[in-house]
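Have a look at the structure below before the remarks.
Residue numbers start from 1 in every chain, and the chains themselves are labelled A, B, ... in the order their sequence lines are given, proteins ahead of strands. As the structure is a prediction and not an experimental result, all values here were calculated from the model.
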Amino acid sequence: MSGEAFCTFRSRAVLLLRDDVDTDQIIPARFLTTTERTGLGRYAFADWRLDAAGAPRVDFPLNAPDAVGARVLVAGRNFGCGSSREHAPWALIDWGFRAIIAESFGDIFRNNAHKNGLLTIAVDSDAHARLVGAVTSQPDTEVTVDLVERSLQVANASPEQFEIDRFVRHCLTVGIDELDYLLAAEREITSWERGAPEFTATFDEASSGSWRGGGVRRSRRYRP
Amino acid sequence: MSGTLFDRIWNSHVVRAEGDAPAVLGVDLHLVHEVTSPQAFTELRSRGLRVRRPDRTIATMDHATPTMRAADGGLPVAADAAAQTATLEENCLEFAVPLYALGHERQGIVHVIGPELGLTQPGMTIVCGDSHTSTHGAFGALAFGIGTSEVAHVLATQCLLQRRARTMEVRVDGTLGAGVTAKDVALAIIAKVGVGGGAGHVIEYTGAVIRALPMEGRMTVCNMSIEAGARAGMIAPDDTTISWLAGRPFSPSGAAWDAAVGRWRAFRRDDDERFDRTVSLDMSGVAPMITWGTNPGMSIPIDGTLPVPNGGPDAAGINRALSYMNFEPGSRLLGHRVDVVFIGSCTNSRISDLRDAAAIFRGRTVAPNVRVLVVPGSQSVKREAEREGLAEVFRAAGAEWRESGCSMCIAMNADRAGPGEYVVSTSNRNFEGRQGKGARTLLASPVTAAACAVRGEIADPRSLA
């Protein structure tokens, strides 16, 4: 992840009021041929956002005038279901989003989002309805997200608390890198490796020459 | 050991217990492919890290690879996929990770080759940068998909940060009727649980129907756990599991086999299991299933009628899906036009799937309005299908017989359906555009897909028995 600390910000919100938005919609698979994690914002919601000729569809929420510069996306239930592609949060972040608010999320998407500094906020249906009502009646309504206080404030209404995993909050607000955290567990990892029978005595090494060899076969031709 | 199968595997893989921070969970097997790994290797390189356990890591190429040979017998990698296949080769060489590259006799879909090589074994933790990693749970392993950041974590430390999941028992009782397969069981489960209903849970499948399924069918059921939103799906190992594993290339042998079997048998279901949630369904009398909408939970019995939105909370989603599919509410699918049939994917590309489909194609021909792709899950499956004469059955019927890979399940290579085309597919996702921009997918079993191919329309496989 970036390591950039995430505390509080204020922004307009875009409403994408659909349930079960899958990661194939967030970024279609044909754009996954990259070996980079940057520059994917132009593919975000490509097949919903753009028509066959590549022009913006006027009825898609991300193309509305008030959506320009909005850093919060509001969706329905089960946002980010489907594939494990981390390209989904990469695309949303590159588009400009910093937080997604929904009634629930796909597990892998949510995990991937937090590893890249994209906050996901799950709200109950009442809070969701209030947020949607406010933004619908006044599209330039601003939302304030405060991760330290775990609060969400819609315009000038009183802030509402949201639940977020303690570790995720800590990592995002302090800018902790999860890989560094894991690397620091080296002694415990080594100890576990030594003590886990399942880990050490499973594969038949006698019959696994190509496994142990570690070599890469470069053959591109099928043998007859 | 006590608790559910999940509890037992979890407990034996906790490297550091969960507290304010998630648990550090040890990983036994890490499967790697070309699409979700390049950025992870880049991360290792930029930090000067090595792959901690190359002996527990194995790579293949499947997602974006071609399934058609060129005239010279080679496999033409499309320009946009070539960077990833070349990058994977370079990464595997640099980090000493074994790779079954395109052209290798063991190449195939990552979730097909793991089990067939005997790499997937009971009691293991298995991860891969692919959500259908849940497939391996059929062997009584805890197997789940991870993102690319986590791929880097596992490469570097052979561990993951994980919160303990809740457990859900999905109990499938009854008996399967004629023409009803594991795929229909999977679709019936997803319809019952819902596409988000399994979120936060690991599913354990139990019941008479599951016990009676062969390993390939169990893999099909576990494969689609993610389509119910679950982190993973698993089935306790039994004699079916153990006899399937015997003699595989990476299965233990001799005394090590006996010891392994002893460990695996200890995973038998126990009396002190407590699931956080149980869902039950009875498959007796259930017809072959087919999806009509844009997520895998939108399915009906093949002889049923499409839903009529009644203003309930799901009405908007149903309307949207019907509109995308261009279906009339309340109408029947039987007899509807079909343009493409795809038999393949990590859900249904194993030898038994191909045998099922071939039984329908044998002595029949593909309808002239339909294009059929049969894509074996691995080179091993391909060789076996050719040895058994199945490939010849497919070709004689007018289907295209291809090289192994993910193919039209994810449509990252040249195997795509066109806008508006109806595809009856044995894959796992019917999301909008999944099989090509604007393409319309109907998920079904290999027998149903084959029946649709020869009839040239949505057809009930029981009518061709």
Examine the side chains of [X] and [Y] and answer whether a donor and an acceptor come within less than 3.5 Å of each other.
X	Y	result
B/Asp20	A/His170	no
A/Thr190	A/Glu186	yes
A/Trp90	B/Gln39	no
A/Asp22	A/Gln25	yes

Go through it in stages, so that I can follow the logic: the residues are B/Glu227 and B/His132, the test is side-chain contact (heavy atoms from CB on, under 4.5 Å), and I'd like the CA-CA distance, side-chain angles, deciding distance and then a yes or no.
CA-CA 9 Å; B/Glu227 311 312 335; B/His132 294 109; 2.6 Å; yes
Tell me, for [X] versus chain B, whether the close heavy atoms (under 4.5 Å) come from the side chain, the backbone, both or neither.
X	answer
A/Arg77	side chain
A/Ala113	neither
A/Ser104	neither
A/Glu36	backbone

Out of [options], which one racks up the most heavy-atom pairs below 4.5 Å with chain A?
options	value
B/Arg231, B/His63, B/Arg429, B/Arg434	B/Arg429
B/Leu117, B/Asn295, B/Val15	B/Val15
B/Ala64, B/Ala199, B/Pro419, B/Pro296	B/Ala199

Option that, when pairs with chain B are counted at under 4.5 Å, heavy atom only, ranks first among A/Ile189, A/Asp20, A/Asn112, A/Asn78:
A/Ile189
Under 4.0 Å between a Lys/Arg side-chain N and an Asp/Glu carboxylate O for A/Arg37 and B/Glu43?
yes
Where does B/Ile226 contact chain A at under 4.5 Å (heavy atoms): side chain, backbone, both or neither?
side chain
Quick one: does NZ or CZ of B/Arg16 land under 6.0 Å from the six-membered ring centre of A/Tyr181, within 45 degrees of the ring axis?
yes
